[in-house]
Amino acid sequence: MPEGHTIHRLAEDHLARFGGRPVRARSPQGKFSDSAALLDGRVLDTVDAHGKHLFLGFGDTGWVHIHLGLFGKVGFGDAPAPPPTDTVRLRLASDTAYMDLRGPTTCALITEPEKRAIHERLGPDPLRARPDGTGAPTGTGDDGERAWARISRSRTTVAALLMDQKVIAGVGNVYRAEVLFRHGIDPYRAGKDLTRSEWDAIWADLVALMREGVRHNRIDTVRPEHTPEAMGRPPRVDDHGGEVYVYRRARMPCLLCGTGIRTETLAARNLFWCPGCQAR
DNA sequence: AATGCATGCGCAG
DNA sequence: TGCGCCTGCATTA
């Protein structure tokens, strides 16, 4: 499940469920036992998310840094919490709720400087962009400038650049495929051959799409005129929920032009695109 | 029961 | 470029 929208949503959900109250912390699976003991009885007072990194702030005790990797999952439930299974890396529990974390790549108790170092190696995050119309001071949120500086000088493909967390943080395999489709860009185009206006449109689109992703807790990328209802086609049946144009639609006809969706492995990940709609 | 696969990433070579 | 890591689920036998 984890692209940036999942992580930002998890940050909100942790704060809503556990914020401001002491939590019980355990690591049934064992790898986080020592840190869980330090956290036990502490108060969650802040949360933060940058790209696919989640941070749970416990005051002077430090930050729990979580990265879900490919398989990591968080499950929430209401009290009373059932006995955890032995794959639960971290269980947090309050009087009203519990959370089980399984299979993360990272779950570690870190310091403020260590947290800062993580932010420094990540590119701008569309979900950390300054929301429009809030009157927030300019320059307080992420924007696409730093990403553009890298992309516009790079001979690497746009597809690879979008997945590079140092270039832009939070985009994963689904948003990558979908945003390139939405802008008619061939994934193999070199970064330096992207135009400034194309990049600006991509960044703005990611800000909007990923915010919707946080809101609905799933990835939907089809425009209103291309929804199953609008087109009179059956909704997507496969597991991952959201309505998309190309992701995991290999060999199926493009919703817009009917060309067969292509797939190829790029840097060990499955890339999907429509050769009819996406030009070089 | 065994195998394959996944919305990720870091490392060795 | 390929491998290992972490887990759960669907598919295959």
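Numbered from 1 within each chain, the chains take letters A, B, ... in sequence-line order. All values derive from a computational prediction rather than experimental measurement.
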Under a 4.5 Å cut-off applied to non-hydrogen side-chain atoms, are A:Pro187 and A:Gln278 in contact?
yes

Does [X] have a side-chain nitrogen or oxygen under 4.0 Å from the phosphate oxygens OP1 or OP2 of [N]?
X: A:Lys73; N: C:dT7; answer: no
X: A:Arg269; N: B:dG8; answer: yes
X: A:Thr87; N: C:dG8; answer: yes
X: A:Gln29; N: C:dC6; answer: no
X: A:Arg121; N: B:dG10; answer: yes
X: A:Gln165; N: B:dG8; answer: no

Among C:dC6, B:dG8, B:dG10, which is the nearest nucleotide to the side chain of A:Lys31?
C:dC6

Where the side chain of A:Asn173 is concerned, which of C:dC6, B:dG8, B:dA6 is the nearest nucleotide?
B:dG8

Are any of the side-chain nitrogens in A:Glu198 or A:Arg196 under 4.0 Å away from the carboxylate oxygens of its partner?
no

Base, sugar-phosphate alone, or nothing: which one does A:Glu178 contact when heavy atoms must sit under 4.0 Å apart?
nothing

Using a heavy-atom cut-off of 4.0 Å across all strands, would you classify A:Thr105 as base, sugar-phosphate, or nothing?
base

Between [M] and [N], how far apart are the [atom1] atoms? Round to whole Å, please.
N: C:dC9; M: B:dC9; atom1: P; answer: 22 Å
N: C:dC6; M: B:dA1; atom1: P; answer: 24 Å
N: B:dG13; M: C:dC5; atom1: P; answer: 15 Å
N: C:dG8; M: B:dG10; atom1: P; answer: 23 Å

Would you mind pulling out the nucleotide paired to C:dC6, Watson-Crick or G-U wobble, both distances under 3.5 Å?
none

Report yes if the distance between the aromatic ring centroids of A:Phe55 and A:His119 is under 6.0 Å, otherwise no.
yes

Judged by atom type as modelled, is there a donor-acceptor pair below 3.5 Å linking the side chain of A:Arg89 to the main-chain atoms of A:Phe32?
no

Taking A:Arg42 for the side chain and A:Ala25 for the main chain, is one N or O donor matched with an acceptor at less than 3.5 Å?
no

Tell me whether A:Phe71 and C:dT7 count as stacked here, given that the ring centres must be under 5.5 Å apart and the planes must differ by less than 30 degrees.
yes

What is the separation between atom NE2 on A:His67 and atom P on B:dC9, rounded to the nearest whole Å?
4 Å

Return the value, rounded to whole Å, for the distance between atom CG of A:Leu68 and atom C1' of C:dG8.
14 Å

